[in-house]
Student: 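One structure is given below, represented as structure tokens, and several questions about it will come after.
Numbering of ligands and ligand atoms starts at 1, following listing order. Note: hydrogens, waters and symmetry copies are ignored here, and every other heavy atom, side chains too, is used.
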Amino acid sequence: MTTSLTDFGDGYQLITLENSRGLRLSCTDFGARLTSLTKNGRELVLGFDQASDYQQELGDAIYYGAIVGRVAGRISGAEADISGQRYKLTANEKGRNTLHGGGENGLHDKKWEVELGDNQVIFTTTLADGLHGFPGNVAVKVIYFLNDEDEWGYEILATSDQDTLWNPCHHVYFNLTGDVSQPLDHHKLWLNASHYEPLKEGLPSFTKADVTGTALDFTKEKAIGDALHSLDKQITENNGIDHPFFLDDQQGVQARLISPDGQLSVELSTNQPSVVIFTANFGDNTPIARGNRLAHQGALTFETQVAPGAEQNASFGTLLLKAGEPYYNQTIFKINSLK
Ligand code: G6D
């Protein structure tokens with residue numbers, strides 16, 4: 001295993017780990033973000049090679065590969081009850097919803113402290129009490145790891161000094177072709193999720209629905225294009241997939257993404273109850289990443305978290321982080337060479 005540090009521009013640094021089997025992971029103190037994951041030279045994720053490229057508006061580039069929170073996803077109405085008190089939050093989407101914890105000066109666009117561990121990169125930061133309207137000073141640690149079994153992943157740990165809302169995610173986007181100008185259509189996806197959360201005008205519906213008979217049924221592996229080009233209203237109204245899926249288990253492999261050429265797969269394991277899958281439904285006005293313009297539906301996220309909307313449906317889990325209690329998200333991705 002080798003580790004290297006390079007300049008990432010704008011005062012940020014890039015840390016790269018490489019194992020003995022040609023799997024290379026790069027991450028930066030800018031948002032504790034994954035910027036690149038290559039297997040024998042093939043780029044598997046959406047990202048850029050300098051910090052400034054993430055600052056562009058197009059395609060919400062600022063979130064690519066970053067840690068997002070305090071609360072990933074949307075809080076409808078930008079208000080929440082926390083331990084009996086009502087809080088008004090930053091309405092950074094359409095002036096009425098809180099998206100990804102309230103937008104700028106969040107986890108995704110700040111400079112984290114960084115230290116190197118044994119095949120690990122450890123990022124730490126704090127979110128101040130009152131930021132974006134949320135109570136509590138939150139101390140956050142993100143640990144990236146890479147090993148010689150071609151597994152990489154992250155742990156997110158946090159504690160707060162007051163009861164607060166806390167449901168971060170890691171916003172990695174995969175495209176296993178090595179070229180994000182290729183739409184996802186011929187990637188195959190299997191998902192151990194018999195239920196999902198329909199959206200209502202792009203917002204949480206606070207309900208669970210059976211995937212059976214819908215385009216969002218990935219309980220048997222299928223081409224993602226079969227879903228993306230279906231006439232299922234949940235697809236047509238959201239211009240693609242942007243849905244929380246309720247995982248049927250929290251141990252072992254819960255999802256598998258297979259490259260169109262059948263050479264590679266990524267297998268997801270997580271201790272989180274849900275995963276939000278978003279297929280980068282940005283249309284054609286998108287950034288160019290490493291020489292390729294991101295296609296509409298050209299990459300797919302696995303945002304492991306509690307399903308957005310849990311603030312109104314306790315069966316989803318809870319967004320509440322009680323003062324002094326530990327939060328822990330462990331998510332592992334196994335890269336398999338299939339041929
Ligand atoms: C999308 O739900 C997704 C988010 O994950 C993404 O970051 C944002 O909007 C741009 O709806």
Student: Is the shortest N/O to N/O distance between His100 and ligand 1 below 3.5 Å?
Tutor: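 It does: an N or O of His100 is found under 3.5 Å from an N or O of ligand 1.
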Student: Any idea which protein heavy atom is nearest atom 9 (O) of ligand 1, and the distance to it?
Tutor: Arg74 NH2, 3.0 Å
Student: Following the transitive rule for hydrophobic clusters with a side-chain heavy-atom cut-off under 4.5 Å over Ile, Leu, Val, Met, Phe, Trp and Tyr, establish whether Val142 and Leu25 coincide in one cluster.
Tutor: yes
Student: Pairs of nitrogen or oxygen atoms closer than 3.5 Å, one from His171 and one from ligand 1: do any exist?
Tutor: yes
Student: Should the pair Asp148-Arg21 be classified as a salt bridge under the 4.0 Å nitrogen-to-oxygen rule?
Tutor: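 Salt bridge absent between Asp148 and Arg21.
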Student: Within the structure, is a non-hydrogen atom of Asp242 found at a distance of less than 4.0 Å from ligand 1?
Tutor: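 Checking ligand 1 against Asp242, which is what was asked, there is a heavy-atom contact under 4.0 Å.
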Student: Would a hydrophobic clustering, with Ile, Leu, Val, Met, Phe, Trp and Tyr connected at side-chain separations under 4.5 Å, put Ile258 with Leu44?
Tutor: no
Student: Show me which atoms of ligand 1 lie under 4.0 Å from any heavy atom of Glu303.
Tutor: 5 (O)
Student: Can you hop from Phe134 to Val68 via hydrophobic side chains spaced under 4.5 Å?
Tutor: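 Phe134 and Val68: separate clusters.
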Student: Please walk me through it: do Tyr173 and Tyr64 pass ring pair (Phe, Tyr, Trp, His ring centres under 6.0 Å)?
Tutor: CA-CA 7 Å; Tyr173 284 88; Tyr64 295 178; 5.3 Å; yes
Student: Give me the nearest non-hydrogen protein atom to atom 10 (C) of ligand 1 as residue plus atom name, then the distance to 0.1 Å.
Tutor: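 It is Asp60 OD2, 3.0 Å.
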